[in-house]
Amino acid sequence: MTYDLIIIGAGPAGVAAAVYASRQKLNMLIVSKDIGGQVAKKAVDIENYPGFEKISGPELVDLYKKQLKANELEVTLDEVLEIQKPENTFLVKTKSGKTQEAISVIITSGATSRLINVPGEEQFSGKGVSYCSLCDGPVFKNKVVAVIGGGNNGFESALFLSNYVSKVYILEYGAKVNADSENQELVARQPNIEIITNAKVAKIEGKVFVESISYEDMSGVSPSVIPAQAGIQGDGENTGSQVKPGMTTGVEKKLEVKGVFVEIGYLPATSFVNGLVELNEKNEIIFDPKTLETKTPGLFSAGDCNVSKYKQIVMASGEGAKAALSAYEYIKKHK
Ligand SMILES: Cc1cc2nc3c(=O)[nH]c(=O)nc-3n(C[C@H](O)[C@H](O)[C@H](O)COP(=O)(O)OP(=O)(O)OC[C@H]3O[C@@H](n4cnc5c(N)ncnc54)[C@H](O)[C@@H]3O)c2cc1C
């Protein structure tokens, strides 16, 4: 059977694409590893999605499920391993061993935040550890927080947070920050932001919520024992190797903080695209902003897997809707 459309992913972008495609009466298959994507993992309430003053991640996912059901849409839980386009149609291969065929495909596979992998990170995730300052920043009003990552992500996050919190520490693993000069100038003008370089984050501690972050001060350590490109603790734009445990021996220091914002970049879920789309240096999909089409005609992409400065539910949903309408135009011409 050849579907009109296959949607890969069922986060905000995938759900929006599915709802819009169903209203165009497209015969579609939705394949996803889960329903809700990053929203399902959100521990703190969402307060910036229009129409909802406050809604929890699981509540929004329940509403997604209800809306899919109301539109007679089902999600096939499976993982896409590869997309091919041998001739005019697309073949989508999944982990369960199936190959599905469609005239058009929309990729909405999203992204995951890069982790720092230190003790306390997982335990306090949603209890002071956050991967999204735009989403969770206002919760930390008048508190002291730390931002991990001295690249543009970290600096922009610290600038946003400085409007709410009493103090922001930016912790950067390297001897120098990587943010561009404009962001550095803006941060320099903020009296409540302090940059700490040579800071190798060691652990996050607290009782129920975060109370402190400890780091090794590497400033006195000879550069010869610090591995080059220790990017995992640096800027999101770096993709260097991880610091090997025990390789460095700086002096341990502790900061009393209520929040820790990890801003070391994203890992877009685009490993299955098989050369059919153009990727940037961060493996995000490059697309036509008018139609959301990729370099392959009939293959569209939407949401956090795409090149975008801001990764938010409202934007992913908007792109999903736009991609579905563009896919409909394509399918009409090629059916
Ligand atoms: C902790 C946290 C808090 C956040 N808080 C907010 C907030 O308050 N407000 C806000 O606007 N935004 C928030 N965000 C960001 C928001 O969640 C994302 O921008 C949004 O979820 C992106 O939607 P998406 O559909 O593009 O991708 P995702 O939500 O990442 O969904 C991707 C989907 O694709 C599926 N998938 C991935 N790979 C495959 C594959 N190979 N095969 C099949 N399926 C696959 C996944 O299972 C998932 O269903 C937050 C993010 C995080 C992590």
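We count ligands from 1, going down the list as the structure has it; atoms in each ligand are counted the same way. Since the model is a prediction, treat every value here as computed from it, not as a measurement.
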Kindly confirm or rule out an N or O of S113 lying under 3.5 angstrom from an N or O of ligand 1. no
To atom 40 (C) of ligand 1, the nearest of I83, N306, V80 on a heavy-atom basis is V80
Under a plain distance cut-off of 3.5 Å, with no hydrogens placed, do T197 and E172 share a side-chain donor-acceptor pair? no
Just let me know how A111 lines up against ligand 1, side chain, backbone, both or neither, with a heavy-atom cut-off below 4.0 Å. backbone
So CG of L73 and CG of L68: to nearest 0.5 Å the spacing works out to 5.5 Å
Check this for me - ligand 1, D304, N or O atoms closer than 3.5 angstrom, yes or no? yes
At a 4.0 Å threshold, what atoms of ligand 1 neighbour a non-hydrogen atom of S109? 32 (C), 34 (O), 36 (N), 37 (C), 38 (N)
To the nearest 0.5 Å, tell me how far N183 CG sits from N178 CG. 12.0 Å
Who gets closest to atom 29 (O) of ligand 1 by heavy atom: Q38, K311, E47, E82? Q38
Check: Y20 ring centroid to Y328 ring centroid under 6.0 Å: no
Return a yes/no value for Y131: is any of its N or O atoms, backbone included, closer than 3.5 angstrom to an N or O of ligand 1? no
What do we get for D136 next to ligand 1 when only non-hydrogen atoms under 4.0 Å count, side chain, backbone, both or neither? neither
I'd like to check which ligand 1 atoms, numbered from 1 as shown, lie under 4.0 Å from a non-hydrogen atom of T108. 32 (C), 33 (C), 34 (O)
Using a 4.0 Å cutoff against the non-hydrogen atoms of G11, which atoms of ligand 1 qualify? 25 (O), 31 (O), 33 (C), 49 (O)
Any nitrogen or oxygen of P12 lying under 3.5 Å from a nitrogen or oxygen in ligand 1? Just yes or no. yes
Close-contact set for ligand 1 against G9 heavy atoms, below 4.0 Å: 33 (C), 34 (O), 35 (C)
Does D45, backbone or side chain, put an N or O under 3.5 Å from an N or O of ligand 1? no
Test item: S104 side-chain N/O and G298 main-chain N/O as donor-acceptor pair under 3.5 Å: yes
Flag the pair I264 / I116 as yes when at least one side-chain heavy-atom distance between them is below 4.5 Å, and no otherwise. yes
Should the proximity of A13 to ligand 1, defined as any heavy atom under 4.0 Å, be assigned to the side chain, the backbone, both, or neither? both
What atoms of ligand 1 come closer than 4.0 angstrom to any heavy atom of A269? 38 (N)
Pull out every atom of ligand 1 sitting under 4.0 Å from any heavy atom of D78, numbered as shown with elements. 43 (C)
Just by distance, no angles: are the side chains of S56 and E59 close enough, under 3.5 Å, to form a donor-acceptor pair? yes
Note: D288 and K290 closest approach over all heavy atoms is OD1-N, 2.9 Å
Disulfide (SG to SG under 2.5 Å) contacts touching residues 285-316 (sequence neighbours left out): none
N or O pair under 3.5 Å between C132 and ligand 1: no
Within-shell test, F272 vs ligand 1, heavy atom, strictly < 4.0 Å: yes
Report, one line per pair, each donor and acceptor closer than 3.5 Å where one atom sits in a side chain of residues 311-324; sequence neighbours left out.
residue: K311; atom: NZ; partner: E284; partner atom: OE2; Å: 2.9
residue: K311; atom: NZ; partner: D304; partner atom: O; Å: 3.2
residue: K311; atom: NZ; partner: N306; partner atom: O; Å: 3.0
residue: K311; atom: NZ; partner: S308; partner atom: OG; Å: 3.3
residue: Q312; atom: OE1; partner: N48; partner atom: ND2; Å: 2.8
residue: S317; atom: OG; partner: I313; partner atom: O; Å: 2.7
residue: E319; atom: OE1; partner: G303; partner atom: N; Å: 2.7
residue: E319; atom: OE1; partner: N306; partner atom: ND2; Å: 3.0
residue: K322; atom: NZ; partner: P289; partner atom: O; Å: 2.9

I'd like to check which ligand 1 atoms, numbered from 1 as shown, lie under 4.0 Å from a non-hydrogen atom of G37. 29 (O), 31 (O), 48 (C), 49 (O)
Taking S162 for its side chain and L159 for its backbone only, find out whether a donor-acceptor pair lies under 3.5 Å. yes
Examine distances only and state if a side-chain atom of Q184 and a backbone atom of A179 form a donor-acceptor pair shorter than 3.5 Å. yes
Run the numbers for me: atoms of ligand 1, each under 4.0 Å from some heavy atom of G303, listed by number. 26 (O)
